[in-house]
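Below is one structure, written out as structure tokens; the observations come after it.
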Amino acid sequence: MDAIKDRKIRKVREQLTKSFNTILMALASLLLLSPMIWMISTSFKKAIDVFTYPIQWIPTDPVWTNHIKVWTTGDGFAMFYLNSLKISLVLMIGAPLLAAFAAYGFSRIPFKGRDAVFLLYLCLMMIPQQVLFVPKFIMFDWMNIYNTHWALILPGLFTVFGVFMIRQFFMSIPHEISEAAFIDGAGHFRIFFQLFLPLSKPVLATFAIIDFTWTWNDYENALIFLLDKRLFTVPLGMQNFMLEAGVDYNMMMAAATAGVVPLLIVFFLGQKYIIQGFSSSAVKG
């Protein structure tokens, strides 16, 4: 009887612990999401109701015209959206593919000094991006791609983090698989495209989502290498809109809400790959 009673007590304790952890995580999530909730709520408010206290999380009289004005006043957000989508989608596809090529070479093709070259390659992650602005400016001006979208696309295709992340996943794939493919007469290209790429869908999808987020939110590179307003991306477009809107905070929040929507869509479409991709890339065989 004592054993049965102890099991019941342990079961109750476990349920209470799970309930407490669930409530704690829900409160923490709500705290983290509160700025975004305030942003969305403010985007539907009148200017006079933005800083009312206590905060009206759900506007009593939603103003839908704020979101309409974002797309219709001034230069409009459609052009900025198209520019950002073009750059982000190109890099979302190209960067993971090129990173996978390099990762395969560093993980499966033996050559002298491979580990030393990879270590040197990883050292590039320690260099602040701001240090490279002047060399990039000189190079892009010489290549005649300054003030074009190529100035953002070409450097974005090569990412040290992506190579490291995908290489770690490739290292977790047993060598016996590739050795068996070599015995059957397959070359490196066939093994890469028909064996490694299908196996690496989770990590590729995870990195693609991360790269899309980086590119969509990239402000500094767009600010330095783009001059023509017709080439502006969403971050620059939002800055331009804020300068035009002045202290119209409800309009600013409507523009910010519009800028967050693609990130949320991409995240929700690929969220099932994120945990699997990070966990698999952290395992080294």
### Query
For Phe118, is the NZ or CZ atom of Arg167 found under 6.0 angstrom from the centre of its six-membered ring and inside 45 degrees of the ring axis?
yes
### Query
Checking Ser84 side chain against Val234 main chain: does a donor-acceptor pair fall under 3.5 Å?
yes
## Note on the structure
Correct closest heavy-atom pair for Arg114 and Arg108 would be NH1-N, 4.0 Å
### Task
Can you establish whether the number of heavy atoms outside Asn144 located under 6.0 Å from its atom CG is more than 12?
no
#### Entry: Nearest heavy-atom neighbours spanning Tyr146 and Ile224
OH-O, 3.0 Å
### Message
With heavy-atom distances below 4.5 Å as the criterion, would you say the side chains of Met165 and Thr206 are in contact?
### Response
yes
### Check: Ile145 main-chain N/O paired with Thr148 side-chain donor or acceptor under 3.5 Å
yes
### Partner of Tyr104 under ring pair (Phe, Tyr, Trp, His ring centres under 6.0 Å), chosen from Phe169, Phe189, Phe196
Phe196
### Message
Between Tyr121 and Val160, is there a side-chain heavy-atom distance shorter than 4.5 Å?
### Response
yes
### Query
What is the ring orientation for Phe207 with Phe161, classed by angle as parallel under 30°, tilted 30 to 60°, or perpendicular over 60°?
tilted
### Query
Do the side chains of Val117 and Phe106 get nearer than 4.5 Å, heavy atoms only?
yes
### Query
Is there a donor-acceptor pair under 3.5 Å between the side chain of Asn217 and the backbone N or O of Thr213?
yes
### Message
Using side chain to side chain contact (heavy atoms under 4.5 Å, CB included), reason through Leu236 and Phe80 one step at a time and then give a plain yes or no.
### Response
CA-CA 8 Å; Leu236 287 182; Phe80 305 139; over 6 Å; no
#### Entry: Shared hydrophobic cluster for Leu97 and Ile173 (ILVMFWY, side-chain gaps under 4.5 Å)
yes
### Side-chain donor-acceptor pair present, Glu220, Gln130, cut-off under 3.5 Å
yes
### Message
Test of understanding: with side chain to side chain donor-acceptor pair (under 3.5 Å), list the residues that count as partners of Lys86, not counting sequence neighbours.
### Response
His149
#### Entry: Stepwise side chain to side chain contact (heavy atoms under 4.5 Å, CB included) test for Leu30 and Ile37
CA-CA 9 Å; Leu30 185 62; Ile37 296 173; 4.1 Å; yes
### Side-chain touch Phe20/Thr17, heavy atoms, less than 4.5 angstrom
no
### Task
Taking the side chain as every heavy atom from C-beta outward, state whether Trp214 and Ser88 have any pair of such atoms under 4.5 Å apart.
no
### N/O donor-acceptor pair under 3.5 Å between Asn221 side chain and Leu152 backbone
no
### Summary
Only one of Phe170, Phe193, Phe158 passes ring pair (Phe, Tyr, Trp, His ring centres under 6.0 Å) with Phe101, and that residue is Phe193
### Message
Could you report the tightest heavy-atom contact between Pro96 and Leu91, atom names first, then the distance?
### Response
CD-O, 3.4 Å
### Query
Which atoms form the tightest heavy-atom contact between Ser107 and Met171, and what is the distance?
CB-SD, 3.8 Å
### Message
Quick check: closest heavy atoms across Trp216 and Gly259, and the distance to 0.1 Å?
### Response
NE1-O, 2.9 Å
### Thr215 side chain to Phe212 backbone, donor-acceptor under 3.5 Å
no
### Query
Any chance CE of Met39 has more than 12 other-residue heavy atoms, nucleotides or ligands included, within less than 6.0 Å?
yes
### Task
Kindly indicate, with the supporting measurements, whether the criterion side chain to side chain contact (heavy atoms under 4.5 Å, CB included) is fulfilled by Met253 and Ile40.
CA-CA 7 Å; Met253 293 303 104; Ile40 299 173; over 6 Å; no
### Task
For side chain to side chain contact (heavy atoms under 4.5 Å, CB included), just list the numbers for Val266 and Met92, CA-CA rounded to whole Å, side-chain angles, deciding distance to a tenth of an Å, and then say yes or no.
CA-CA 11 Å; Val266 171; Met92 187 180 181; 4.1 Å; yes
### Side-chain touch Ile265/Pro262, heavy atoms, less than 4.5 angstrom
no
### Message
Would the distance check show the side chain of Asn83 and the main-chain N or O of Phe232 forming a donor-acceptor pair, the cut-off being under 3.5 Å?
### Response
yes
### Message
Nearest 0.5 Å, please: how far is CG in Leu223 from CZ in Phe133?
### Response
8.5 Å
### Query
Any idea which heavy atoms bring Pro198 and Lys201 closest together, and the distance?
O-CG, 3.4 Å
### Task
Quick one: sort the Phe182 and His188 rings into parallel, tilted or perpendicular, breaks at 30° and 60°.
perpendicular
